[in-house]
Amino acid sequence: MTYSQFCQNNPELPIFFQDWYLDAVSQDGEWAVAVFESGGKISGVWPYFLKKKGGFTYITMPMFVKFMGPWLVGNPTLTEQHQLVHALSLQLPPVASIKQDCHYQFTNWLQLYWQGYRQTTKYSYLLDLTHLDQVQKKINRNMRRNLLKANQQLQVLLLNDPEQFYTVNQLSFQRQGVKIPYTKDQFLRHEKALAEHQARQIFFAKDNQGNIHAAAYLIWDQRS
């Protein structure tokens with residue numbers, strides 16, 4: 001089974017692991033994937049991104065990708081987790097360094113510890129929006145007041161205008177005195193893939209005069 005077929009057969013796979021998404025964002029390097037397959041069934045994958053600099057090849061995170069690393073199918077036992085992660089890690093090419101931001105569902109990295117990897121804990125916050133009123137009640141009181149005020153002055157619109165979003169996004173970096181970390185071409189290639197797969201939406205907050213005060217670009221998959 002090819003990795004593309006695996007992605008098609010596992011729609012619950014996070015968007016950052018999807019082959020079409022990796023094709024869109026891997027512009028300054030190349031992506032590949034380690035696959036553990038037994039009896040025609042894939043039990044684990046590890047997509048990774050290769051870059052070269054100064055004669056060195058290394059594995060790192062591509063632009064617009066939040067998670068990579070091992071992804072284990074189903075609910076393997078603890079012993080099976082160790083075996084899968086070990087088997088996948090052996091397929092990684094020899095490189096100068098490896099840096100991976102693993103998905104928050106990958107919680108057992110002991111096998112990698114045994115191999116000499118180092119780990120830093122980060123956090124991902126997931127909001128259950130089933131009962132939006134309960135979410136709003138837990139928002140900071142001052143923030144709720146600001147939301148109420150903004151709701152009276154601004155209108156949030158869904159607009160298919162990626163170039164306008166890039167312009168607004170660029171202003172955020174300029175205000176901080178730093179250069180935006182991706183070009184318009186990089187962003188539009190990423191945006192095109194998401195739009196084709198109906199996996200994004202662009203929000204603009206405008207006042208009565210049509211001035212844009214804020215913009216948000218949200219992407220999703222079947223998980224979040």
Side-chain angles (χ1 to χ4, degrees), residues 1-53 55-126 181-182 186 189-190 193-194 197 199 219-224:
M1 180 188 297
T2 67
Y3 185 65
S4 178
Q5 291 173 324
F6 172 76
C7 292
Q8 294 174 16
N9 295 339
N10 293 269
E12 76 283 358
L13 197 67
I15 193 169
F16 304 113
F17 288 71
Q18 296 285 348
D19 58 330
W20 61 265
Y21 189 89
L22 292 171
D23 284 340
V25 299
S26 300
Q27 299 178 53
D28 54 350
E30 59 180 355
W31 72 274
V33 59
V35 176
F36 184 87
E37 184 174 1
S38 179
K41 180 181 178 181
I42 293 178
S43 303
V45 298
W46 185 334
Y48 56 90
F49 178 66
L50 290 165
K51 288 189 69 172
K52 294 183 179 180
K53 185 176 182 181
F56 294 96
T57 301
Y58 58 100
I59 292 175
T60 186
M61 300 294 294
M63 185 71 69
F64 304 121
V65 172
K66 296 300 182 184
F67 305 117
M68 293 188 92
W71 178 265
L72 309 183
V73 179
N75 297 296
T77 65
L78 194 62
T79 299
E80 290 171 339
Q81 291 175 30
H82 292 318
Q83 293 172 343
L84 286 170
V85 173
H86 180 67
L88 291 170
S89 67
L90 292 179
Q91 296 183 43
L92 299 179
V95 291
S97 66
I98 297 177
K99 178 183 181 298
Q100 297 282 260
D101 291 341
C102 295
H103 193 272
Y104 48 81
Q105 287 199 335
F106 177 66
T107 57
N108 179 14
W109 79 287
L110 186 57
Q111 176 60 230
L112 298 179
Y113 170 77
W114 289 335
Q115 296 183 41
Y117 287 85
R118 292 180 298 172
Q119 180 262 359
T120 298
T121 299
K122 298 181 179 180
Y123 294 89
S124 295
Y125 294 93
L126 302 179
Y182 40 84
Q186 286 176 315
R189 176 171 169 172
H190 164 261
L194 286 167
H197 287 81
I219 73 173
W220 59 79
D221 51 31
Q222 290 198 8
R223 292 180 165 268
S224 57

**Request:** Provide the closest heavy-atom pair for D221 versus P14 in the form atom of the first, atom of the second, distance.
**Result:** OD2-CA, 3.3 Å
**Asked** Mind checking whether Y182 and F64 have ring centres under 6.0 Å apart?
**Response** yes
**Derivation and outcome, side-chain contact (heavy atoms from CB on, under 4.5 Å), residues V65 and F17** = CA-CA 9 Å; V65 172; F17 288 71; over 6 Å; no
**Message:** For the backbone of Q222 and the side chain of E12, can you confirm whether one donor and one acceptor N or O come within less than 3.5 Å of each other?
**Reply:** no
**Item:** Check against side-chain contact (heavy atoms from CB on, under 4.5 Å), L13 and Q18
**Value:** CA-CA 7 Å; L13 197 67; Q18 296 285 348; 3.6 Å; yes
**Prompt:** Can you find a heavy atom in the side chain of L194 that is under 4.5 Å from one in the side chain of W20?
**Reply:** yes
**Request:** State, with a plain yes or no, whether a side-chain heavy atom of V25 is found less than 4.5 Å away from one of H190.
**Result:** yes
**Prompt:** F36 pairs by side-chain contact (heavy atoms from CB on, under 4.5 Å) with which of L88, V45, L72?
**Reply:** L88
**Message:** So which atom in D23 and which in R189 form the shortest heavy-atom distance, rounded to 0.1 Å?
**Reply:** O-NH2, 2.8 Å
**Asked** Got a salt bridge between K51 and D28, using NZ or NE/NH1/NH2 to carboxylate O under 4.0 Å?
**Response** yes
**Message:** Counting only heavy atoms not in K122 (residues, nucleotides, ligands), do more than 12 fall under 6.0 Å from its NZ?
**Reply:** no
**Message:** Quick check for you: to the nearest 0.5 Å, what is the distance between W46 atom CH2 and L84 atom CG?
**Reply:** 12.0 Å
**Fill in**
The residue among I59, V95, L22 that forms side-chain contact (heavy atoms from CB on, under 4.5 Å) with Y48 is I59
**Prompt:** Does the pair H82 and L110 meet the rule for a side-chain contact (heavy atoms from CB on, under 4.5 Å), with working shown?
**Reply:** CA-CA 8 Å; H82 292 318; L110 186 57; 3.8 Å; yes
**Message:** Taking the side chain as everything from C-beta on, heavy atoms only, tell me whether M68 gets closer than 4.5 Å to F49.
**Reply:** yes
**Request:** List the atom of I42, the atom of V73, and the distance in Å for their closest heavy-atom pair.
**Result:** O-CG2, 3.7 Å
**Item:** Minimal non-hydrogen separation, G69 against Q100, with atom names
**Value:** N-OE1, 3.3 Å
**Prompt:** Can you tell me how far the CG atom of N108 sits from the CD atom of E80, to the nearest 0.5 Å?
**Reply:** 12.0 Å
**More than 12 heavy atoms of other groups within 6.0 Å of N75 CG** = no
**Message:** Please report whether the ring centroid of F16 lies less than 6.0 Å from that of Y21.
**Reply:** yes
**Asked** Shortest non-hydrogen contact from Y58 to T60?
**Response** CE1-CG2, 3.7 Å
**Asked** Is the number of heavy atoms from other residues, nucleotides or ligands under 6.0 Å of Y104 OH greater than 12?
**Response** yes
**Prompt:** Between CZ of R118 and CG of L112, what distance do you get to the nearest 0.5 Å?
**Reply:** 13.5 Å
**Asked** So, Q111 and S89: side-chain donor and acceptor under 3.5 Å apart, yes or no?
**Response** no
**Request:** Flag the pair W31 / D19 as yes when at least one side-chain heavy-atom distance between them is below 4.5 Å, and no otherwise.
**Result:** yes
**Asked** CD1/I15 to CD1/I219 distance, rounded to the nearest 0.5 angstrom?
**Response** 4.5 Å
**Message:** Evaluate W71 against Q105 for side-chain contact (heavy atoms from CB on, under 4.5 Å), listing each step before the verdict.
**Reply:** CA-CA 8 Å; W71 178 265; Q105 287 199 335; 3.4 Å; yes
